[in-house]
Amino acid sequence: MPPSWHGATVRPMTAITIDHVVIAVSDWERANAFYGEVCGAEVVEMPGSPRSWRYRFGDQVLNVHGPGMDPTPVARDPVRPGGADLCLVWPGPIETAVDHLTAHGVEVEDGPVPRNGARAPGVSIYFRDPDGSLLEFLSYA
């Protein structure tokens with residue numbers, strides 16, 4: 001039986017996709033360097049004051065709440081630095097992701113381990129951003 005929300009039958013709407021999610025960081029310079037160099041994001045400065053950034057991965061974006069910002073609206077329990085758990089798709093074999101992290105001085109916390117991704121089964125490694133958020137590189141290669 002399909003799940004329901006307030007008694008209504010819920011059917012998947014395949015046209016809905018994720019545009020962006022929000023993370024929080026405690027230090028702009030450190031986070032921008034990490035997400036740009038280690039995670040491969042395009043670091044995009046947002047207009048306005050105070051200065052703020054977002055991290056673009058192709059068609060997906062991480063909006064970033066950081067020092068000096070007072071964003072509204074926010075979740076009932078707003079995201080805090082170190083409170084994210086994100087999976088990023090690594091474009092090659094997982095061994096190259098391990099080598100990439102090692103070259104940047106980032107410790108692999110777990111893996112490689114088999115995981116089921118959104119597209120298919122893959123292999124993942126886990127590591128942390130400078131604030132302690134859990135990040136995963138998932139390889140379908």
Side-chain angles (χ1 to χ4, degrees), residues 2-141:
S4 66
W5 180 257
H6 294 289
T9 299
V10 178
R11 290 181 173 69
M13 296 182 65
T14 57
I16 294 176
T17 61
I18 294 174
D19 181 79
H20 69 272
V21 296
V22 174
I23 64 168
V25 301
S26 64
D27 180 293
W28 285 118
E29 186 176 330
R30 185 176 66 170
N32 289 351
F34 182 87
Y35 280 90
E37 296 168 18
V38 175
C39 296
E42 175 190 0
V43 178
V44 179
E45 187 171 2
M46 302 302 294
S49 180
R51 293 178 69 188
S52 63
W53 288 264
R54 67 187 339 185
Y55 306 143
R56 179 176 300 286
F57 297 89
D59 290 339
Q60 290 83 39
V61 171
L62 294 178
N63 281 354
V64 186
H65 294 174
M69 294 182 71
D70 187 21
T72 57
V74 295
R76 184 172 292 128
D77 185 9
V79 64
R80 294 175 302 282
D85 185 341
L86 303 169
C87 178
L88 304 171
V89 177
W90 181 259
I94 202 65
E95 296 78 18
T96 61
V98 172
D99 293 343
H100 173 78
L101 292 177
T102 301
H104 284 88
V106 177
E107 179 184 347
V108 174
E109 200 168 292
D110 191 20
V113 292
R115 290 292 185 253
N116 289 315
R119 291 186 254 165
V123 179
S124 293
I125 57 173
Y126 294 86
F127 58 103
R128 296 197 183 266
D129 79 359
D131 286 305
S133 288
L134 182 64
L135 301 179
E136 172 184 357
F137 278 153
L138 171 64
S139 172
Y140 290 111

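All heavy atoms count here, side chains included; hydrogens, waters and symmetry mates do not. By convention here, the first residue in the shown sequence is residue 1. Here the structure is a predicted model, which means the values were calculated and not measured.
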Considering all heavy atoms of both residues, which atom of [X] and which atom of [Y] are nearest to each other, and what is their separation?
| X | Y | result |
| --- | --- | --- |
| Ile23 | Ala84 | CG2-CB, 3.9 Å |
| Arg119 | Tyr140 | N-OH, 3.1 Å |
| Pro67 | Ser26 | CG-O, 3.1 Å |
| Ala24 | Val79 | CB-O, 3.7 Å |
| Pro71 | Val74 | O-CG1, 3.3 Å |
| Pro93 | Ala141 | N-CB, 3.7 Å |

Practice problem: Applying side chain to side chain contact (heavy atoms under 4.5 Å, CB included), run through Val38 and Leu101 and close with a yes or a no. | Solution: CA-CA 7 Å; Val38 175; Leu101 292 177; 3.5 Å; yes

- [ ] Would you check if the side chain of Asp129 reaches a backbone N or O of Asp131 as a donor-acceptor pair within less than 3.5 Å?
- [x] yes

With distance as the sole test, does Ser139 use its side chain to make a donor-acceptor pair with the main-chain N or O of Gly92 at under 3.5 Å? yes

ask   = Do Leu62 and Val21 pass the side chain to side chain contact (heavy atoms under 4.5 Å, CB included) test, and can you show the C-alpha distance, the side-chain angles, and the key distance before you say yes or no?
value = CA-CA 5 Å; Leu62 294 178; Val21 296; 3.2 Å; yes

[Y] side chain reached by [X] side chain, heavy atoms, under 4.5 Å:
| X | Y | answer |
| --- | --- | --- |
| Glu136 | Leu86 | no |
| Pro81 | Val25 | no |
| Ile18 | Gln60 | no |
| Phe127 | Val108 | no |
| Ile125 | Asp110 | no |
| Cys39 | Leu88 | yes |
| Thr17 | Asp59 | no |
| Trp28 | Met69 | yes |

Approximate separation, where rounding is to 0.5 Å, of [X] [atom1] and [Y] [atom2]:
| X | Y | atom1 | atom2 | answer |
| --- | --- | --- | --- | --- |
| Asn32 | Arg54 | CG | CZ | 13.5 Å |
| His65 | Arg80 | NE2 | CZ | 13.5 Å |
| Arg128 | Phe34 | CZ | CZ | 11.0 Å |
| Cys87 | Leu134 | SG | CG | 9.5 Å |
| Glu37 | His100 | CD | NE2 | 9.0 Å |

**Asked** In terms of ring plane angle, is the pair Tyr55 and Tyr35 parallel, tilted or perpendicular, where the classes change at 30° and 60°?
**Response** parallel

Could you please spell out the steps behind the side chain to side chain contact (heavy atoms under 4.5 Å, CB included) verdict for Trp53 and Val64? CA-CA 6 Å; Trp53 288 264; Val64 186; 5.5 Å; no

